[in-house]
Engineer: 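Following this message is one structure expressed as structure tokens.
Per chain, numbering begins at 1; letters A, B, ... match sequence-line order.
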Amino acid sequence: MVYIEPGSLDICRQDEIQLGRQLCFCSTSILLEGVTCMNKKELIKHLETIAVYLELKGENAFKISAYRKAAQALEQDERSLREIDDPAALNGIGKGTAAIIKELRETGQSELLETLKQEIPSGLIPLLKLPGLGGKKLAKLYQELDVVDAASLKEACEQEQVQQLPGFGAKTEQKILAAVQEQGTRPERLPISYMLDAAQKVETELNQFEDVKRYARAGSLRRMEETVKDLDYIISTEKGDAVRAQLRKLPFISDIVADGETKVSVELDFEYSIQVDFRLVEEAAFATTLHHFTGSKEHNVMMRQLAKAQGEKVSEYGVEKQDTGDVITFESEEGFYNHFGLHYIPPEARIGRDEINVYKEPFETVQKTDIRGDLHMHTTWSDGAVSIREMAEEGRKRGYEWMAVTDHSKFLQVAHGLDEERVLRQIEEIRRVNESLDDMELLAGIEMDIRPDAVLDLEESVLKELDVVIASIHSSFSQTEEEIMQRLEAALNSPYVHIIAHPTGRLIGRREGYKVNVDWLLKRAGETQTAVELNANPNRLDLNAGWLRKAQEYETFVTINTDAHHPGMLDDMEVGTGIARKALLKKEQIINTKRYEDLAAFLHTKRAHLKA
DNA sequence: GCCGTTTTCGGCCCGACTGTTTTCAGTCG
């Protein structure tokens, strides 16, 4: 289990931003100060900020969402701000929002936003995050009781003023007070690595339940988002009451948040408290409910619009024909998508961008079963837990056709990295083990450090003896972008380096990584026949899905590596393939799907290419 | 605020749960 310092979750990926709410993380005042012209990301944030303020003002919900839609339209357009001549041409941007975009672009400010900021205390914004408090209730608290921030809200609750407002009661007041006091003790979203562990604990219990026909994960964990807010499960059962009773008795429960006929929400006390929502359905509605609660919200909206266009209505209970009222259900999500003329869209890809268009045609994504090998792992020769032979056995168990041992090089002393002499000895050992294997090729590799002075850590005479060379940065993270790029360029230009590992160095929720121009790196990697890594360790997921998609545009090869330090970590390949699906990577772009002969050919191309 | 080969006005995705109410608004996913 990973320890995360509360409040350290400051990494906010662009495609992670839940429009509006997520903004509460960001200090909007910082964004505005001293801005004369504005980049696309900043502009999008300003639109979202306007939406948040309008929410607090109690504005019309559709007006609020219009600003969010406009922000989304910009975000989903691949062009830069300068390239978008006429924003109003985009679907979701009309006269009003286009004018604001123009104003922001030209002056760096919006009159509307400035007015809103003067009208509404900024201390209210973080309060939107409190469970049970939305824009309307907060607006009432502000207008009636002069609540402007957490302190004044707490005071109003303590003096029992809140319960006297219409629409509020004693119970609501207590809940708000508890939430104010608890705010900040837990990050809003936790890294997926933490949530995967929590999910396993929940599933160990579910597996022992009676009267459960089947159950499945849903929500952002199923979509393999990098950070996850809570856990969702869909449970198929004919005996709802019996299952509910068992759910209420789950171990680790600290609170039962909701307990209705179709939904039970509990709070589980792990290192952090985690909310888990269970939806109980009859078997017939399982597939549509699973789809509904897998989301994303944006994806669901798109599916419902699609349904509406053909005279149908989608809900978790099925697809309703609007003229007859008949409800169709499906055995599987695949049937659901087929009904709308689409191929099965894997959960990870349901992000509400262009997936619906993409899956109108057959689209072959990567499955775990397509993976023929893993090119990044460690043994006891450096900082791994088991021997070369044991690791090889674990690879065979997973049905791999090939696999590479890649221990650290000498610069990484804390990991007992290998110097040239030990590398040569390890190669001999790997060859010996390989000879004893008749159903798998074991390759001799290295994960070589790129030193802070942009020098590669091992002599060329040794590198040329290795089958696979991975280059990576493990030091001097605070260097300038120029220095970092010099290091990466040194690796890309080496005829011996096949792969750049964890290209940004980030750790989800803990460390932002070094300053790297990823776009340039991807392009240059393609030109030099160097592959980039999708490090499948759930703490890293580096590169992320957005960059991987960019890599595909540059025709740069991607290798999904587990970076396993013990055998169990080889199973992170599952997570890795999920991220590849999210990125809509094609199979042929992924090295792991190559047969051994093709892999060997690939590993030789770069040397041949650069020598020519 | 946005949008329209049914529409330039009247919709905007849909339903469950809670806490407040005596039929519903607000919040959430």
Engineer: Of A:Leu90 and A:Phe62, whose nearest nucleotide on DNA chain B comes first from the 5' end?
Structural biologist: A:Leu90
Engineer: Assess the side chains of A:Glu316 and A:Thr288: does a donor N or O sit below 3.5 Å from an acceptor N or O?
Structural biologist: no
Engineer: Would one find more than 12 heavy atoms of other residues, nucleotides or ligands at under 6.0 Å from atom CD of A:Glu331?
Structural biologist: no
Engineer: In whole angstroms, how far is the P atom of B:dC2 from the CD atom of A:Gln72?
Structural biologist: 15 Å
Engineer: Can you tell me how far C1' of B:dG1 sits from CG of A:Leu54, to the nearest Å?
Structural biologist: 10 Å
Engineer: Roughly, in whole Å, what's the span from CD1 in A:Ile64 to P in B:dG1?
Structural biologist: 12 Å
Engineer: So which protein N/O to nucleotides 7-11 of chain B N/O distances come out below 3.5 Å?
Structural biologist:
none

Engineer: For a quick test of reading the model: is some side-chain N or O of A:Asn300 closer than 4.0 Å to OP1 or OP2 of B:dC14?
Structural biologist: no
Engineer: State the pairing partner of B:dC12; accept Watson-Crick or G-U wobble contacts with both distances under 3.5 Å, and report none otherwise.
Structural biologist: B:dG1
Engineer: Nearest-Å distance, CD1 (A:Ile176) to P (B:dG26)?
Structural biologist: 14 Å
Engineer: Under 3.5 Å, is there a donor-acceptor pair between the A:His291 and A:Tyr337 side chains?
Structural biologist: yes
Engineer: Establish, with yes or no, whether the OP1 or OP2 oxygen of B:dC12 is under 4.0 angstrom from a side-chain nitrogen or oxygen of A:Ser65.
Structural biologist: no
Engineer: Name each donor-acceptor pair under 3.5 Å that joins a side chain in residues 171-179 of chain A to protein atoms two or more places apart or in another chain, with its distance.
Structural biologist:
from, atom 1, to, atom 2, distance (Å)
A:Glu173, OE1, A:Gln163, NE2, 2.9
A:Glu173, OE2, A:Val162, N, 3.1
A:Glu173, OE2, A:Gln163, N, 3.0

Engineer: Starting at the 5' end of DNA chain B and moving along, which residue's nearest nucleotide shows up first, A:Asp230 or A:Gln305?
Structural biologist: A:Gln305
Engineer: Using a cut-off of 6.0 Å, state whether more than 12 heavy atoms not belonging to A:Gln159 lie near its atom CD.
Structural biologist: yes
Engineer: Provide the distance between the two C1' atoms, one in B:dC2 and one in B:dT7, to the nearest whole Å.
Structural biologist: 14 Å
Engineer: Within this structure, what is the CG-to-C1' distance between A:Leu116 and B:dG1, rounded to whole angstrom?
Structural biologist: 14 Å
Engineer: Check the pair A:Arg549, A:Asp354 against salt bridge (Lys or Arg N to Asp or Glu O under 4.0 Å), reporting the backbone distance first and the verdict last.
Structural biologist: CA-CA 12 Å; A:Arg549 213 168 159 183; A:Asp354 55 351; 2.6 Å; yes
Engineer: Please report the distance separating the C1' of B:dT18 from the corresponding atom of B:dT23, rounded so that it comes out in whole Å.
Structural biologist: 15 Å
Engineer: Side chain of A:Lys137 only, heavy atoms from C-beta on: which candidate in B:dT27, B:dC3, B:dC14 is closest?
Structural biologist: B:dT27
Engineer: Figure out the CZ/P separation between A:Phe278 and B:dG29, and round it to whole Å.
Structural biologist: 15 Å
Engineer: Heavy atoms under 4.0 Å, any strand shown: does A:Ile93 hit a base, just sugar-phosphate, or nothing?
Structural biologist: sugar-phosphate
Engineer: Which value, in whole Å, describes the distance between the C1' atoms of nucleotides B:dA16 and B:dT8?
Structural biologist: 36 Å
Engineer: Does NZ or CZ of A:Lys201 lie under 6.0 Å from the centre of the six-membered ring of A:Phe270, at an angle within 45° of the ring axis?
Structural biologist: yes
Engineer: Regarding A:Leu112, tell me which of base, sugar-phosphate or nothing describes its non-hydrogen contacts under 4.0 Å with the strands shown.
Structural biologist: nothing
Engineer: Can a donor-acceptor pair be found between the side chains of A:Glu334 and A:His343 at a distance below 3.5 Å?
Structural biologist: no
Engineer: For the P atoms, the ones on B:dG26 and on B:dT22, what distance do you get once it is rounded to whole angstrom?
Structural biologist: 14 Å
Engineer: Pairs in or reaching into residues 249-259 of chain A: which pass salt bridge (charged side-chain N to carboxylate O under 4.0 Å, His left out), with residues at least two apart or in two chains?
Structural biologist: A:Arg244-A:Asp259, A:Arg248-A:Asp259
Engineer: Whole angstroms only, please: what is the CG-C1' distance between A:Leu138 and B:dC28?
Structural biologist: 15 Å
Engineer: Write down the distance separating the C1' atoms in B:dA25 and B:dT20, rounded off to the nearest Å.
Structural biologist: 9 Å
Engineer: Would you be so kind as to tabulate the donor-acceptor pairs closer than 3.5 Å made by side chains of residues 91-103 of chain A, with sequence neighbours excluded?
Structural biologist:
from, atom 1, to, atom 2, distance (Å)
A:Thr97, OG1, A:Gly94, N, 3.2
A:Glu103, OE2, A:Glu111, N, 2.7

Engineer: So if I define the base as every atom that isn't primed, P, OP1 or OP2, how would nucleotides 17-25 of chain B read as a B/S/- string at a heavy-atom cutoff under 4.0 Å?
Structural biologist: SSSS-----
Engineer: Does B:dA16 have its OP1 or OP2 closer than 4.0 Å to a side-chain nitrogen or oxygen of A:Tyr317?
Structural biologist: yes
Engineer: Rounding to a whole Å, what distance do you find between A:Asp232:CG and B:dA16:P?
Structural biologist: 16 Å
Engineer: Name all residues meeting the salt bridge (Lys or Arg N to Asp or Glu O under 4.0 Å) criterion together with A:Glu333; count only those two or more places apart in sequence or in a different chain, and write none if there are none.
Structural biologist: A:Arg222, A:Arg350
